[in-house]
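In what follows, a structure is listed as C-alpha cells, so that the remarks can point back to it.
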Amino acid sequence: MDLDTKKNSFFVLLYVFVLCSKALHSIAADTITVGGTLSGFETITSKDGRFMMGFFTPGQSRKYYLGIWYNYRTALVRTIVWVANRDKPLSGSSSSQLKLSENGNLVLHESESLIWSTYSASSTSNTTEAVLGDDGNLVLREKSNPSVVYWQSFDYPTDTWLPGAKIGINKKTNESRVLTSWRNQEDPAPGMFNLELDPTGIRQYLIKWNKSIEFWKSGEWNEQAKTFTLVPEMRLNYIFNFSFISNENESYFTYNLYNDSILSRLKMDISGQIMQVTWSRTSERLNLFWSQPKQLCDVYGICGPFGNCNQDTLKCECLPGFMERSLSDWNLQDSTGGCVRNPSLQCGSGSKDVFSPIPTSELPDDPQNRLVNSAEECKSACHSNCFCNAYAYGKNGCQLWEGDMLNTKTQSDGNAENLYLRGADTGIPSPEISPKRTKRKVEIWKIMIPVIAASMATLMGVLGYMYLCKRNKANERGRLKDLQGVLTDLLKNKATYKDMPNTNMLNDRKTEGETHELQIFDLVCLAIATNNFCLNNKLGEGGFGPVFKGQLQNRQQIAVKRLSKSSRQGIEEFKNEVELISKLQHRNLVKLLGCCIEGEENMLIYEYMPNKSLDAFLFDARNKASLDWDKRFNIIGGVARGLLYLHRDSRLRVIHRDLKVSNILLDEDMIPKISDFGMARIFGGNQTIDNTVRVVGTLGYMSPEYMVGGTFSEKSDVFSFGVLVLEVVSGKRNNSFYNPEQPLNLLLHAWRLWNEGIWAEIVDQDLGDVYSPFEVMKCIHIGLLCVQNRAVDRPTMAEVDVMLSSETDRPAPKEPPYMFPAPSGKPGIPPIPCSNNNVTLTMIGGR
C-alpha cells in the first residue's frame, strides 16, 4: 500500500469515526417540546433505547433524510423504518433543522425552504409535544393529555410495517395506509411496489406494480386460523400475534410479538417481495423469516423492459442485444428501469436485422396475435413491422411483441416455445441467451490456456491410471481363476437354503418360509460381479464390514456387504437384518436382494445406490452444491415416510435404533432409502417400550432415555430423526458445536436461535438465499419437537408426517438435552466415550 493510499484510508476512517460519534449525540430523552429543534447529528431516542430519530444518509448517497431507525445495527448500516422527506432529500444536515413550531406542527427546513411538515390541526398552545415511542411511532400529542393524538408516523408508513402499526383503510377519510418500497438501496423515494388492503372490500392484501397492476394477493383472512389463506407462514403464531380489525371507522391488519426480546419488521422490499425480518437484541444479523411472492421471478416487472428473469440464478439480466438502461441503478438492486438496445436496429429496406431464438419458460406479457399459417409468415409479419421486437410461433399461434417487453423468464429446463428476438446483425452474441458470454468473450483465451494445460496433465494422469488398472485386473483375473477352481466342487453339489451345513449361521431359522423372498447368491457369482472384491470396487466400510459395488451377468448393479471377521457386528446382526428387511417393502427402504452364506463367507446383497449415502453430500464441501433445498426437503419427507412405515404401516413394528445420515442411501433420483437394520428390533402386539442392557447406536443420535437407561421405543427413532432433520437443514454434524466450557450441540444451538427468532442462522450457508423460508422454518420446528428431552413430549412419526405435508398448528418446542460428547466425568453429563458421529458403537450399561 503506497503513502497516498494510506493517507486516504486514514481520512476515511477518521470521517467514519467522526460521523459515528456525532450520530450518537442525543438531545433530551425521547421528546421535542414546542420551540425545540433537532439538527445536525443530534438524535432523540425512545425510552427503552430501541429506536432513534435523526438525520441519515443511505449507503454511499450524499443526500440527507430525516428518519427513524433501530438502535441496533450491523456495522455502519442502519435499519431504517420510517422516512419523513423521502420525496425531498436534503443537501446537508448542517443547514437542516426539525422544529416543533408554536402552531403545534413539526416542520423540517433546509435554510429558508420548507421541506416537510406534519400539517396537523393541533392546539396552538405550548402544551404540544413530539415523542418517539418504544414501538418506533413518532407521536404529536397533547402534553397534558397524552391520549389526544394530533399526528403519528404510523399513519404515514414508508416501506416498513412495525408491530403495533396498522395497514388498512380509514373509512371516514378514504385514506389508505400503504407500504411503498424504496426506489433503490440508496434512495428512499417511492419505488415501483406497493402493499395495500384490497380496496374492493375483500379482506385480503395486494401487492401492485406501479400502483396499477396487481400481481400478488394474500388470500382472504381466516379469522379462526388467524391467517391469510395464501400465507401459511403466518401460522407460526407462537412468535407473531396477527389480527384483522374492521368496523365503521376503519379496516386494518396489525400484529405484535409474544417475545419482547425479538425484533421484527415487515418490509415492502425493492425486490417487489414483502418480507418478514426478525433478529434478537443480542444478534446483529437480520434474518428473513418469510417472503412473498416466494420467487423473485414471480414479481411483476422486476427486470423492467427488455429484461429477463433467470429462474436458475433468480437474477435479472438483459436480453441479448440489450444493455442496462442505468448500470448504477442495477448495482443498487433496482432493475425495474430495464434495458435498452445496443446497437440500434436498422429497420427498413435492406435491413440486416436478425431473429435469434431464446428458449423461455414464460413468454413476455401482452402479445399481439396474428392469423398466419406458418412460422415463416409469423417471422415475416414481425420483420415488416419496425415496431415489432420479437415473435413466437407455437401452440398459441403467431404472437408479436411491439414496444416494451416485460416479464420474460428463462430456465435451463424450460419447456415453453422459443421467443425469437429481433436484433441488429452484430447485436446478439449467440442464437441462445447467454448473459455471461458477452462479458467473458474478451478474456476467453486467458481462461482457455490454463484449462488446456490442466486438461493435458489430467489426460496423462488418466492414461497412467488406466495402464495400472489394466495390469491389476490381469493379476486379479489370475487370482479369480484360482478361486473358481477351488469353488467348482461346491457349486456342483450346492445345497439348498434349508439344507445348509451347520457352519451356515442361518441354520437356526424357525421356518423355511421366513426368507422365501430372498435369493441365495453363489460366492463365485459375487466374486465375478465384484472383480474378486477388488479395492477399486470398494464403496466404503461400516461396523458390519466392507461394502463392494458389483454387476451381475444381467447387468444389474448391486452392493455387497461382506461380514468382516473383526466386525463389531456379527452373526446376530446379520441374522437380524436378513429376517427383518426381507419382509419389508417400501419406496424409502433399501431393498435386500439376497444373501450369500457359503463356508465362512456371510454377505448381504442390496440394490445399488449410485449416489451413496446422505453424509457424502451433506458434509462434503465438494458435493454439497448439488444438494439444494428442494432435494433436502424431499429427503426429509422420504425418511419420515420410511420411518412411519416401520413404526405403523408394515406387517412388523420395527424400531430401527441406528437412524443417521450415513444410513440414508440415495438412488439415482436422490430418493432416500433407510438402510442398516442390524440393530433393529421388532415390537409385538401392543408393546410400546422395551429395555436392554446392550445399548447400541451412534453418539449424537441416541435419545437420552436410551443412552442412559437402555429404554427404547418409537420415540427413540423420532429423536434420531429430529437430529437428522437439523443436520440436513444446517449442513453441520450434531456434535460440531461442542465447547469444553459450555456443553453445546447442534440441537441446543438451533433451539436457542429459534427462540431468539433468528432461525435463518441455523440454515446451511451453502444454500445462500435459494430456499423456501416457510419449508425451512417448518423443518426446524419439527426437528426441535422431535429432539425434546422427554419422550412423551415428542411427536409420533404419524404426527410428523402430517406436519410435513400440511399446515397444522405446532406447539412450541422445549429445550433439548445436554448430553452429547463431553469428557468423561464432567458434571451433569453422562460419562460416555466420545466417538466419531459416523461410527456405530455397542456399549454395555444402563439397566
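Asn194 and Thr180 share a donor-acceptor pair across their side chains, judged by distance under 3.5 Å alone. Between the side chains of Lys172 and Asn249, at least one donor-acceptor pair of N or O atoms lies under 3.5 Å. Checked by atom type, the side-chain pair Ser328/Ser326 shows a donor-acceptor distance below 3.5 Å. Checking Glu142 against Thr128 by side-chain atom types alone, no donor-acceptor pair falls below 3.5 Å. Side-chain contact of Trp629 with Glu775: a donor-acceptor pair under 3.5 Å is present, judged by distance alone.
Between Phe242 and the options Tyr258, Phe253, Trp161, a ring-ring contact (aromatic ring centres under 6.0 Å, His included) holds for only Phe253. Of the listed residues (Asp764, Val776, Val729), just one forms a side-chain contact (heavy atoms from CB on, under 4.5 Å) with Tyr771, and that residue is Val776.
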For this session: Evaluate the criterion salt bridge (Lys or Arg N to Asp or Glu O under 4.0 Å) for residue pair Glu250 and Lys166; output intermediate values, then yes/no.
Result: CA-CA 10 Å; Glu250 56 186 346; Lys166 305 173 182 177; 3.3 Å; yes

Exercise. What do the steps show when you test Thr227 against Asn222 for side chain to side chain donor-acceptor pair (under 3.5 Å), and what is the final call?
Worked result: CA-CA 5 Å; Thr227 183; Asn222 185 325; over 6 Å; no

Problem set entry | Residue pair Trp82, Phe154: steps toward the ring-ring contact (aromatic ring centres under 6.0 Å, His included) verdict | CA-CA 9 Å; Trp82 182 78; Phe154 271 9; 9.8 Å; no

For this session: Take Trp216 and Tyr205 through the ring-ring contact (aromatic ring centres under 6.0 Å, His included) test and state the conclusion after the steps.
Result: CA-CA 8 Å; Trp216 177 87; Tyr205 278 86; 8.5 Å; no

For this session: In sequence, state the C-alpha distance, the side-chain angles, and the governing distance for Leu263 and Glu756, and then conclude on side chain to side chain contact (heavy atoms under 4.5 Å, CB included).
Result: CA-CA 9 Å; Leu263 305 180; Glu756 291 177 4; over 6 Å; no

Exercise. What's the verdict on salt bridge (Lys or Arg N to Asp or Glu O under 4.0 Å) for Asp198 and Arg203, showing C-alpha distance, side-chain angles and the deciding distance?
Worked result: CA-CA 7 Å; Asp198 193 334; Arg203 298 189 302 174; over 6 Å; no

For this session: Please step through side chain to side chain donor-acceptor pair (under 3.5 Å) for the pair Glu110 and Ser91, ending with a clear verdict.
Result: CA-CA 8 Å; Glu110 183 173 34; Ser91 58; 2.5 Å; yes

For this session: Could you walk me through whether Ile207 and Met268 pass the side chain to side chain contact (heavy atoms under 4.5 Å, CB included) test, one step at a time?
Result: CA-CA 9 Å; Ile207 298 181; Met268 184 68 255; 4.1 Å; yes

Exercise. Is there a side chain to side chain donor-acceptor pair (under 3.5 Å) between Asn137 and Ser153 once you walk through the steps?
Worked result: CA-CA 6 Å; Asn137 189 18; Ser153 61; 3.1 Å; yes

Problem set entry | Gln333/Ser271 under side chain to side chain donor-acceptor pair (under 3.5 Å): CA gap, chis, key distance, verdict | CA-CA 8 Å; Gln333 296 185 6; Ser271 67; over 6 Å; no

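Taking CD of Glu186 as the reference point, atom CD of Gln60 lies at 6.0 Å (rounded to 0.5 Å). Once rounded to the nearest 0.5 Å, the distance linking CG of Leu753 with CD1 of Ile762 reads 5.0 Å. Taken from CG in Leu114 to CD in Glu112, the straight-line distance is 11.0 Å, to the nearest 0.5 Å. Of the inter-residue distances, the one linking Thr45 atom OG1 with Met53 atom CE reads 10.0 Å to the nearest 0.5 angstrom. In this structure, NZ in Lys217 is found 10.0 Å from OG1 in Thr229, a value given to the nearest 0.5 Å. Separation of atoms OG (Ser181) and CD1 (Ile274) is listed at 11.5 Å; rounding is to 0.5 Å.
Contact annotation: the side chain of Met323 never approaches that of Cys339 to less than 4.5 Å [non-hydrogen atoms, C-beta and beyond]. Between Leu98 and Leu106, the closest side-chain pair of non-hydrogen atoms falls below 4.5 Å. Here the side chains of Ile68 and Leu132 are in contact, with some heavy-atom distance below 4.5 Å. Side-chain atoms of Ile167 and Leu179, non-hydrogen and from C-beta on, do get closer than 4.5 Å to each other. Side-chain contact between Pro305 and Leu406: present, with at least one pair of heavy atoms (C-beta onward) separated by less than 4.5 Å. In this structure, the side chains of Pro773 and Trp759 come closer than 4.5 Å at one or more pairs of heavy atoms. In this structure, the side chains of Pro188 and Tyr65 come closer than 4.5 Å at one or more pairs of heavy atoms. Contact of the Val107 side chain with the His109 side chain is registered, since non-hydrogen atoms from C-beta on lie closer than 4.5 Å.
The distance between the ring centers of Trp209 and Phe215 does not fall below 6.0 angstrom. Checked against a 6.0 Å centroid threshold, the rings of Tyr70 and Phe51 count as neighbours. The distance between the ring centers of Phe322 and Phe306 falls below 6.0 angstrom.
For the two cysteine residues Cys309 and Cys297, the thiol sulfurs sit under 2.5 Å apart.
Salt-bridge annotation for Asp87 and Arg183: absent, with no side-chain N of the basic residue lying under 4.0 Å from a carboxylate O of the acidic one. With respect to the salt-bridge test (charged N to carboxylate O, under 4.0 angstrom), the residues Arg86 and Asp187 do not qualify. Under the 4.0 Å criterion applied to side-chain N and carboxylate O atoms, Arg752 and Glu761 are not assigned as salt-bridge partners. With salt bridges taken as basic N to acidic carboxylate O contacts below 4.0 Å, one links Glu196 and Lys208.
Closest approach of Leu195 to Val178, counting heavy atoms only: O-CG1, 3.2 Å.
Within 6.0 Å of NZ on Lys47 lie no more than 12 heavy atoms contributed by other residues, nucleotides or ligands. In Asn145, the CG atom is crowded: over 12 heavy atoms of neighbouring residues, nucleotides or ligands sit closer than 6.0 Å.
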